[in-house]
Amino acid sequence: MTKTLDKHPLVQHKVSILRNKNTNNYIFRTIVKELSSLMVYEFTKDLELSIKEIQTPVSNYNAPFIDGSKLLIVPILRAGLGMVEGVQEMIPDACVGHIGLYRDEKTLQPVEFYSKLPDDADQKDAIIVDPMLATGGSAIAAIDHLQKRGIKNIKLVCLIGCPEGVHAIEQKFPELDLYVAVIDKKLNDKGYITPGLGDAGDRIFGT
Ligand code: PRP
Ligand code: URA
């Protein structure tokens, strides 16, 4: 299932700031973080709740809580790092695993250079975060990697997608929940999302 938030005025407004080439690195990072927090609202809608008895100032109450420690946030390095804080602010108990992938500029194929996941990763539900879903190659490699580690429940959360990337994910993983803030028109001949926002990693880290 693919879910977008593109009807929401706040999302549209913040994405427009990201798109503007005159937005500086600090504002860019801030908006990536804020949009990531907004995405949490959407992708946590189906989380299980457990009931714990608490005391309010007035009475006893069987209160619903989520167990954030069952969640594993997995940023795809580098650009995915920009989304981690926004998600963690909403789910502070979630832990973070890392997958390092970069896209070869000529072939557009993902190259894996790093992986660090907790030993009990297979007991957790994973949320892969990456601002950009272009060809879908990096996200597919990350999902494959997590599935090989025994993780069954995986969600993919991106800020800007395009039809090519969304289609690639839907074809390869029809059961996976994909959340994309907005889906742009197309990829250009260099593999960049159009209109897009350019190179997300470069704009987050000022390189
Ligand atoms: C970007 C982006 C995704 C990937 C998307 O990373 O953050 O990981 O490209 O493209 P794809 O869908 O065609 O695979 P990049 O490889 O530029 O590395 P970076 O995060 O270090 O900038
Ligand atoms: N990666 C980016 O950072 N931007 C794009 O448009 C495509 C891939």
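Everything numeric here is computed off the predicted structure, so don't read it as measured data. Atoms within a ligand are numbered from 1 in the order they appear, just like the ligands themselves.
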> Is Val182 reachable from Ile169 through a run of hydrophobic residues whose side-chain heavy atoms are each under 4.5 Å from the next?
Replying inline: no

> Going by distance alone, is a donor N or O of one side chain under 3.5 Å from an acceptor N or O of the other, for Ser115 and His98?
Replying inline: no

Measure from every N or O atom of ligand 1 to the protein's N or O atoms and keep only the pairs below 3.5 Å, writing each with atom names and distance to 0.1 Å.
| unit_1 | atom_1 | unit_2 | atom_2 | d |
| --- | --- | --- | --- | --- |
| ligand 1 | 7 (O) | Asp130 | OD1 | 2.8 |
| ligand 1 | 8 (O) | Asp130 | OD2 | 2.5 |
| ligand 1 | 12 (O) | Ala134 | N | 2.9 |
| ligand 1 | 12 (O) | Thr135 | N | 3.1 |
| ligand 1 | 12 (O) | Gly136 | N | 2.8 |
| ligand 1 | 13 (O) | Arg103 | NH1 | 2.8 |
| ligand 1 | 13 (O) | Thr135 | N | 2.9 |
| ligand 1 | 13 (O) | Thr135 | OG1 | 2.6 |
| ligand 1 | 14 (O) | Ser138 | N | 2.9 |
| ligand 1 | 14 (O) | Ser138 | OG | 2.6 |
| ligand 1 | 16 (O) | Arg103 | N | 2.8 |
| ligand 1 | 20 (O) | Arg78 | N | 3.1 |
| ligand 1 | 20 (O) | Ala79 | N | 2.9 |
| ligand 1 | 21 (O) | Arg78 | N | 3.4 |
| ligand 1 | 21 (O) | Arg78 | NE | 2.8 |
| ligand 1 | 22 (O) | Arg78 | NH2 | 3.0 |

> Name the one of Met83, Glu89, Gln88 that satisfies side-chain contact (heavy atoms from CB on, under 4.5 Å) with Glu85?
Replying inline: Glu89

>> Quick check: do Asp184 and Arg19 have side-chain heavy atoms less than 4.5 Å from each other?
In response: yes

>> Quiz question: by atom type and distance under 3.5 Å, do the side chains of Thr207 and Asp202 form a donor-acceptor pair?
In response: yes

> Where do Leu101 and Ser138 come nearest, in terms of heavy atoms and distance?
Replying inline: CD1-O, 3.2 Å

> So, Thr135 versus Glu164: side-chain donor-acceptor pair below 3.5 Å or not?
Replying inline: no

> Which parts of the protein, at residue level, reach under 4.0 Å of ligand 2 through a heavy atom?
Replying inline: Arg103, Met132, Ala134, Gly191, Tyr192, Ile193, Gly198, Asp199, Ala200

> With distance as the sole criterion, is a donor-acceptor pair present between the side chains of Asn60 and Glu53 under 3.5 Å?
Replying inline: yes

>> I want to check something: taking the side chain as every heavy atom from C-beta on, are Ile183 and Val166 in contact at a cut-off of under 4.5 Å?
In response: yes

